[in-house]
Amino acid sequence: MTFSSPEEKGFGQGDAQLARWAEALYRPEDDVLREIRERSVHEGLPPIAVGRFDGLHLEVLTRGMRARLAVEIGTLGGYSGVCILRGLESGGVLHTFELMQRNADVAIESFRRAGFLDRVRVHVGPALERLRAIEAQGPFDLVFIDADKVGYPAYLEWAADNLRVGGVVLGDNAFGWGAVASGDDYRGEDPAAIKALRAFNEKLARSGRFRSTMIPTEEGLAMGVKVR
Ligand code: DHB
Ligand code: MG
């Protein structure tokens, strides 16, 4: 098993030389993140954390928007959460939501090792139920969605209602492994998941509540700024 994004998750033009060059120059993964990726897999979590460059995108985008209050739906082992925390303004807080206690335990260790235990709140259970508990602390600057794909439309609805105007929603896997664009051919993916990702993209692009784009990572990182 490899743990690196260019091998697991495509970079740019799919050119291996270009990917090696970008990795050597921009160094998207340091020892802290590499340890989190490897420990997560060794603890039995599925190897579906964001790729190295996806993680760096998360940090840099978060930093660029000067976010202070962020929400993540889908914690897994804490890799993407650490990236977001690195980008937050000093004193900023991340609320991260995870269905499974086993994953949350791994993530808490990740946040501890990365030095963020005092700035992260890990909420365990079904996100749509648990999100209600933080609504009074909003509106939020950033919502990153990377959980069960069937839930994406509802998570986006929550983001539309709980981001400030000017706040940003990001959605991983918005390409649905390519199947969002392939009509009745679901390419072996779960049709319910692909239909939900289509609805997510359509709502993000056309609802009028966001000005949105698609960052063409291998998996598709959809991004919208709340306009109303
Ligand atoms: C899967 C989920 C993800 O969020 C991801 O980035 C890659 C794969 C999955 O469920 O297989
Ligand atoms: Mg993902």
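Numbering starts at 1 and runs along the sequence shown. Just so you know, ligand 1 is whichever comes first in the structure, and atom 1 is the first atom listed for that ligand.
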Please round to the nearest 0.5 Å and tell me the distance separating atom CG of Asp172 and atom CG of Leu58. 8.0 Å
Can you name the N, O or S atom of Asp172 that is closest to the Mg ion (ligand 2)? OD2
Residue of the set Leu88, Ile108, Val82, Leu85 for which side-chain contact (heavy atoms from CB on, under 4.5 Å) holds with Val120: Leu85
Could you tell me whether Phe53 and Phe11 have their ring centroids closer than 6.0 angstrom? yes
Do the non-hydrogen side-chain atoms of Trp158 and Phe140 ever get within less than 4.5 Å of each other? yes
Tell me the angle that OD1 of Asn173 and OD1 of Asp146 form around the Mg ion (ligand 2), rounded to 10°. 90°
Protein neighbours of ligand 1 with a heavy atom under 4.0 Å, given by chain and number, are Lys9, Ile48, Asp146, Lys149, Asp172, Asn173, Trp177, Glu219
Would you say the side chain of Arg37 lies within less than 4.5 Å of the side chain of Arg52, judging by non-hydrogen atoms? yes
Would you call the rings of Tyr152 and Phe200 parallel, tilted or perpendicular if under 30° counts as parallel and over 60° as perpendicular? perpendicular
So does Arg209 pair up with Asp161, basic N to acidic O under 4.0 Å? yes
